[in-house]
Structure formats: C-alpha cells, structure tokens
Amino acid sequence: DPHLNIMYMYSHSILSCLQRPHQYSYPSIFIYGHRSSGKSHVLHVLLKELELPHAPVSCVECVSVALLFEQVLLSFFGADAASLLPRSPSLSDFVRVYRNQCSQSPAEQTRYIVMEKAELLRDADANLLPALLRLQELVEDNVTVILLSEIVWDKFRPNTGCFEPLLLHFPDYSKGELQHILSHDRHPSYSAEFYSSYINILLGVFYSVCRDLRELRHLPHAMNVAFTCFCVSSVKETDTHKLWRNMEPHLKKAMQTVYLREVSSLQWEKMQQMEEKESGALRGLSAHTHVELPYYSKFLLIAAYLASYNPARTDKRFFLKHHGKIRKTNFLKKNEKTSNHLLGPKPFPLDRLLAIFYSVVDSRVAPTASIFSQISSLVTLQLLTQVSHDDQLDAPKYKCAVSMDFICAISRTVNFEIVNYLYDFL
Amino acid sequence: MSTSSVSKGCFVFKPSAKKKKTALSLEDHFVHGCEGAENSELRFKLYFQQINNHQQNMFCLCKALQDELNRNILDSLLDFTRKCSSTRQHSDWASQMRASEIPTAALVLGVNVPDHDMTFQSLSDLLQQSVTPHVASVQAKECGALKHLMKRVLERLMDTVVDDEDEEEAEQTSAQLNKSVHCSLSTLCAWYNAKTKVSPPGKKRCSHVGDDLQSPPLVIIFKDLEAFNPRVLQDFILICSRYIERLPLMFIFGIATSPSTIQHMLPHSVSSLLCIELFQSLSCTQHLATVIDKLILTPQFPFKLNGKVMQVLISIFLYHDFSVRNFIKGIQLALLEHFHSQPLSVLCCKKKAALLNVMHLGPQDLERIRQLQSFKRYVEKQDPQEQVNLFTDDTHLKEVCQKLIKNLRQYHKNYYPILRCLHTLTSSLPRYPLGKQIRELHLICLDKNIWENEDYQSAMKLLKMLAKDQLIALLQRCEEILQAAKSKNIKMALTLLEMNESRRSKKLSPFEALRNEALEFIDSLVKSHLSAPESQTLNEVCYYTSSATVRRHLNATPRTSIQAALNIPYYYLQNDRLKTEDGIVSNAAPDICIVYKLHLECGRLINLYDWLEAYSTVVSAAEELMFLSLFSSARFIRAVSELEFLGFIKSTKQKTDHVARLTWGGC
C-alpha cells in the first residue's frame, strides 16, 4: 500500500504501540494531521491487517452520546450488549454495561476505539473527553482510545486538566509522495512509467493551489477523457513532451471549473466528449446568479441594501425632496473615511426599511400583509438575514445579505439607479 | 325555505343522499347572507357543479399543465437518477473512482415556494413509479437539528417510528409496539440490506420498478435548501458520504434562488463530496401565461372575470408572490363570490342549462334583468313597441333573454380566436404597442373597445410598415388560429384571408393595395368581434366585477383596518353613540381609541403624564371635575399597554416617563 510505504515511519511508531496486544497498552493515543494526510487510512489498514478488535466511530455521526456508546458496545460485544443500555444513557451507564460485559468476555488482546473527527468531542459533555482518555482505568479492561483530529492537542485540553494522551503527528505529504500515491491508481492499460509522468504533469499544474490528496485524486479521473484521447492518437507512449502540450489547455480549464466543483465530474466528462463536435459552454454553478423576484420584493431588497450600506443620518439627503444642499463633506466624520462596502452590511430596523421602501418605489403602495410576508420570504431565501432574535416582535432588525453586483442587476431590471443613492459613491 | 318554481326545477338533479349531507352544511353557509335568497339554492348547486366542473376541468387541467410544463425537467431528473444508480453497478475505472461522490441534482425552481409542493409531489410520485420505492422528502422547518433531520429521513424511508430520546413518555407506547430503531444510518444500512435481499426486484411492490436495478437508489429530496441550517446540512452530507459505499444514496436539492447558494451554504470540503448536476425549471411567468391561456382565454368556461378583477389578480402575481397556485385560488374566490352575490348567476352555465334556466326565471329575477345596465342600453335601441313589450311581457322577455344569451356565447366564441390573431400580429412589433404578452392585450380589450385605443392605431400603422414576407408569415399564423377555432362567422373570414393570400402570391395587383386591404379586413374583424364585454347585453351574468372584494380578501391590509378601527370605532362597532364628526374624539369611544387619537397629536416622544391628563380631560368632559381618579388612570394604563401591544408605541430609555412613537405601528 503506497500510503503505508510512505507513512512507514509513522506507521512504525503506531505499530510499536499496537504490537504487544496481550499487554495493557497506553490508555489513549491522539493522532493529528491535516485533512487527507492518511491518518484514518493508515490506522484502518493496520488494525485490519493485524486483526485487532476495534470499534470505529465517527463523531459527526454520533448526534448523541447514546449512539457513541451503542456503537462501541455493538462492535465489541454484539447487539445484545448494546441493547442493555437504558434510554438516554449516561457515561456511568456505559461504564457499568461495559464492565459487566467485559467480565463475561475479558479482553485477550487490546481493544481499540477509533474516534474520527475527534474535534467534535470538544462540544460534547464536559466529562466525556476526560473520561474517554482514561477509559482503561474506568472499565478495567485492556482498551485503548485512539483520537483522530485535524486540530492539535493544545486546543483540546480542558480547563480542569486531564490525562495526557500519547501524541502522534502525521505531516503533510510531499510532492514526491503525492506523485507516488497518485500513480498507484492508474488505469491498468497504461504503463506505470507513462502514467507516472502524466501525474507529474498534473501535479505541476495543481500542486501550487491544492495539496489535498482527496481533491488531487479526483482530478485524473476528471481529465480521463482528454487523456485517453491523447493516448489513442499518439503512438509512442513515452513522448512526455507531446503529452504536456496536449494536456496543458485541458488542465488549465479544469483548474477553473472542476477543481472548484463548479461543474461536477460527470458533467465535465460529458462536456469533454462533446467538445469534439461543439465547444458547448457549460456554465458553472456560480455563473447562475440571476434570481427572478416579484416587483415589490425587488424594491424591498433595494431598500434593504440602501439601509444596510448608508448611514442612517444620510437618509434625509437621499430620500427627502427638499433636503437643501448637503454635501458629502458635511457628514463626513473622522472615522468614517473607509467605505461602507468594505465594512459590510449594517443592521437596520424594520421601520427604516419600510420608510426607504415607500420612498424608492415609484407608485403608491398600500401597506398590505403581503408586503410584510415578502420581507419574511426574503429572509428564508437568505437574501436578508434577521439580526434580532426570532422572538423579538416589535422593531425586528435585518441585514441585507446580497452583493453589490446582485443588487445592481436587480435595480437595472426596475430602472432604478442605485448608485445615485449610495453614500459610498456620492 | 321558499320553493319558487326555479328551485323546484332543480330538485331533479338531487345529489345522492350521502353527498347531500355534506353539501347541505356548505349550502347553508352559502345561502346565509346571500343576495336574492329565493334562488340561492339553485345558484349554490350551479356553483357546486361549476366548481366541481371547474375543479375537474380547471384543477385537473392545472395539474396536467404543471406536469406538462415540468415534463422536460422531470424526465431529465428521472434519467439522472436512473443513470446514477446504473453507473454504480458498472465496474469501469471511471465510475469506480466516482463512487465516493453522492450524486446530487440541484433543481432550480424559482422564488414561488408555495407552488413547489405540487412539483415535488409529482416528482416523488414519478420516482416511486418508475425508479425506486425509496423516496423521502424533507422540509427545513421540520429539521432544526441533525437529529431531527436524521429521524425524518429514516422514518420516511423505512416507514417506521424511529427512537428519539427527547420524546420519551409520548413515544414509549408506540415505541414498544413498533420495535423502535435507533436513529443512525447504520440502521438504515441494515434495513436496506434486508430489504434488497428479501424482496428481489420484480416482486409485486415494484412490478415495473426497473427490473435491471439490483439496488434501487435511496432518494432524499430537500424541498427548500435555502431554509436549512447549513451546519445541519453539512453534517448530514458528511455522514452520508461515509455510507455511500454501502447505500446508494442520492440527493435532490430544491433551490429557490440561484445554484450558487450551494456554494454559500457548503464549504468546499463538503461540496466536494457531491457530484452536482443542475436542472433549471421554467420561469413562473411562463407558467402563468399557460394557465391564463388554458383557463381564461377560452370559451370553455362560462364564468369570466372583468378587467379590473383580472388586473388585481395579475398584479398580485407580478408584484407580490409569483405564485400560480395563489392565482388559481383567486379565480376560485371570484367564482364563489360571483355565485354568492349575483342572483342572475343562475344563467352562468353551459348553453343548454342556461336556456332552460331562463325559462324558469321568477318575476323577481326578471325584474333584476330589467334593471341591468347593459339591458337598459339594449332596450333603448329598440323601437317603442318593443320597449313596452320588454317591460311588461314576461314571456317575451324570456325569449329575448334566450336570444341574448346565445349572442353572448357567440361573442365569446369569436372573441378569443380574434384576440389570438391580433396578438400574433402585434406581439412582434417594435416596442410592443399592445403588449408583449397576450394577457396585456386581453386586459386592454376588457377595459374598453380596443380600436379606440391610441396604441391600437399605432400598432396598425406599424403593421403597414412590415416587410412582405413577415406580414405573410403572420397572416398565415392567424389563418392557422382561425382554422383551429372553426366558428361560423370566422369561416367566412378565413376564406377572405385565404383569398387575399393567394392573390398576393400571384402578384396580380400591387402589394401595397393588397396589404391595405388585408389590414382593413383585420381591422374590421377586430371591430366586429373584439368589442369590450361591457358593451354586450347581459354581460353581468357571466362577468365578475367586484375587484375591491377580491383585493380585500387576497391582499389584506391589516394596518389600514386597525387604523380604521381606532379612528372610526363606529365603522366596526356600529353603535350610534359613537357616530361623530371627523376629528372629534367622543368620550363614549373605547379607551384605546381616545388614547390613540391623543397620541397622534404628539411628537416622537410622548410624556406619559401629559397624555394621562389629556385623556382624563376627554373622559371627564361631561363632569367638570379635573381630578385624576384612580379608576381613570387604571383605564388609561391599560389602553396604553394595548397600544404598545399593537406596536404604535414602545417604552424608551431616552427620557424618563416617556414613550416613543413608532412609525409603522400596527403591522
């Protein structure tokens, strides 16, 4: 296995931990490293190869501690043991059941509990993490808890202090290591050497933006069509120079779309197949930003945008007919030199939104119930966000959550010159 | 209950005993407070027939329409699911590599969220019929936390009660009965394995559920993606991706705004677990156009809306909600109101029934006919002898009415084809003098005679400037429309048009003369058939006119009503003591009204003590005493807190003993 080969050093140190299964091992091991640095893979393969009893648990999946306890008991002692847990069990329930069970079937070799995404344990009950770290003592069994995390141990340590686990670090893969691993899942029809040089080209383009192995593995498959095209057309497999020249445009294109998942791999594949006939412009997800809204919703959104990005005291200047001559310098304050657009949207009360709405909308609008329901539907569409709590009925506060481009597009459709009403562009 | 001859006549169509029971209560509601009580029963029955008729026609039609409109997108979605589940079983290199991604369809449906239910319903029905029995749809409001989302998905996929620690007591009994299961995907996994093993495809349940599918996919539909808590969704996707090798999961995201929401909600690490394909549905204005085309621009239904009501419904659609469902609800409401408030609506039905009903009209109804504006206009045009006859002879009137009803029907039969013709001619003109959409043209025609409209004149001028081949193409399209309509009058027109064309193609005479001839002919067609419905005699029978009622019911103005109640308590309470002249506060009015009126005179901040004094002055105006009794100040405080509850004022910390006025109170 390429991972194991590369991670030899680290797997070696893990192995040394795992090697004497009949003796009590260290109560808890903490392994950390960036995403896709091979932590769980290496551990999984090792535990499987050595045929050690282990319970893999993902902390994301355990929405309640009950699920966690259940999974551990299930994989160590079978379904009967798991059913012994009461409804909404506490930690001591778990320990009790565990002790019971392990007195019936004592460990012949060390049992391992592998907890993935252990950083989520920090949000669980305060006593869970410290207890897991010394579970060996609590249940008086030869059990080791292995925590896998993307965060360093220092961020875990509770205020009250706890048992210090054995720390292991998985560093990121180097470029060479990545190439080695990627070359491994080649299509059987290509020679290893040739595929490796292809991967080398690929890494040359993408390594500067992405070092995530999982993402990089996704790319050769996305590029597969172009690659096979090349392979069919060219006779000599060894001509890497020609390969580079052929693949480069595809790679550049993929950098903009596939890598960002603007286009799913399936669509990308289809697109590449189509390309010979016509270069159909497949637009990515972010290209579709146009949203059709009812007429008054558009004006409500415009009013919200104005309320979010203009200081309240300038409303007079923009929305009163006879405001007199007020220049920008008149209301410039010392600390307000920075653009409001750089500072982001500010919250505003409902009153102000409606006042601006009624002055920007060109016709007389009755204050009907549907105007108000449109505000709340804008909130559910996440074009506005409610800042105050849901319970606050009088004078709720909102923020506008759309971008400048978006609001410009919207106001163009209703012939409203929004730039004339923005304080920043005065 | 009066049993006038009319109602006797209708007892023939008595519904079965069982139906009658349920209908009766409805009928009572309908008859209660109805205009012209003596034939209200009949009208109710007609209404019921129509609504059923309409419902069958109208609402089946709508469903069919919606399905038809969504056909493309639904088909492509079905294809997508099929393909996804079949590629899973392929073992070629590429699909193996993609196996770790969850296939996801991003379905962009537009902002009219209430309409989406129907689409999702037919989508999940179709999926269940032809792809997989395992479909679960979830809404954001029922999935506040990951646990709930998980629970809903499991429940809907497995059809069982899922164990949940929160609701211990309530579920204890049912949990014991149903052998509750823990809410995790591993449970689902076990269930799925058991399911696919026990019932191999080809069993009755999934008779034509793709026999080639060894493992039907599990489809999870997120109806309103935007409303989901991003955290919950992320966790759920992370969990699902752990199981994707064992469970053929599939997602469908219902998106109201734009697909880029996915990127806003999900970080790259999560969205890279999905293989997203985009599906875009038709815009809701296209839906509306089809609905109007099939429901309103057709002589099939005798019930019609006049221009103002149409305008109200359309503007609610365009300005407020974009919801086709609400638009149809509006038509329903108008239908109900029409039969409820217009006694002569007995004549608003199919031709035969209408003619029959004319014969059964009672003396009161005949009197109502004589009072109709359109009928009066008609009478004025008749010679004196005929006028007398019409006003005195009931049987003669009935005969005339029959004739008039036939005329009205004929008018409608001609109106719509000619309208479509005119639309095809004018819809491509520069700057759209008569509107881009046929509904705009229809509105103009409903309003008044179209040829009196300036835009019509300019449109005709523009038509004269069209190039030859363009004009011929347009005329040919008109011809097709007229041919489809097949009405007597129109057939004549058709021959004329054809003649024109044939002559033109032979180029026997100069093009311009012919063109003018053709356009004059069109003009004459318009003038004879597109006159405003209000000019038609007896139009009141079919046309619902009360736009104010529709507006009041569909587009309520709570603020205005509250202010009206506070300003003029007489408006709602109907107590003579409360009758006052404008601007004067009566001391008999409810406390809150007095307090409200007084607060209108104050500035942004109101001193409570001054307010109280003013209040007690008003209340104790009769007595000349100026003391603040404990009783009146208690009443004052109560009124003020009521006002605060309604949102007109709020307490403030800016000044002691002051409250602040709110601008948009009462909303």
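Below, read A as the first sequence line, B as the second, and so on, with proteins coming before strands; counting in each chain starts at 1.
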Less than 3.5 Å apart, which donor and acceptor atoms pair up between the side chains of residues 234-243 of chain B and the rest of the protein, not counting sequence neighbours?
unit_1	atom_1	unit_2	atom_2	d
B:Gln234	NE2	B:Met265	O	3.0
B:Asp235	OD1	B:Arg231	NH2	3.3
B:Ser241	OG	B:Leu238	O	2.9
B:Tyr243	OH	A:Glu61	OE1	3.2
B:Tyr243	OH	A:Glu61	OE2	2.4

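Rounded to the nearest 0.5 angstrom, B:Cys284 SG and A:Glu292 CD are separated by 5.5 Å. Taking OG of B:Ser258 as the reference point, atom CG of A:Leu383 lies at 8.5 Å (rounded to 0.5 Å). For the atom pair OG1 of A:Thr380 and CG of B:Asp224, the computed distance is 8.0 Å after rounding to the nearest 0.5 Å. To the nearest 0.5 Å, the span separating OG1 on B:Thr557 from CD1 on A:Ile371 amounts to 11.5 Å. B:Asn112 CG to A:Leu293 CG: the interatomic distance, rounded to the nearest 0.5 Å, is 11.0 Å.
Minimum interatomic distance between B:His320 and A:Ser297 (heavy atoms only, all atoms of both residues): O-OG, 4.4 Å. When all heavy atoms of B:Leu146 and A:Val60 are compared, the pair lying nearest together is CD2-O, 4.0 Å. Closest of all the heavy-atom pairs between B:Pro558 and A:Ala369 is CD-N, 3.7 Å.
Using a 4.5 Å cut-off on side-chain heavy atoms (C-beta onward), B:Tyr319 and A:Pro294 make no contact. Contact check for A:Thr368 versus B:Arg559: no side-chain heavy atoms found under the 4.5 Å cut-off.
Heavy atoms closer than 4.5 Å to chain A are found in the side chain of B:Thr285, but not in its backbone.
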Q: Tell me, with the steps shown, if A:Val291 and B:Val111 meet side chain to side chain contact (heavy atoms under 4.5 Å, CB included).
A: CA-CA 8 Å; A:Val291 179; B:Val111 294; 3.9 Å; yes
Q | From CA spacing to verdict: side chain to side chain contact (heavy atoms under 4.5 Å, CB included), A:Gln374, B:Asp321 | A | CA-CA 8 Å; A:Gln374 278 179 61; B:Asp321 58 7; over 6 Å; no
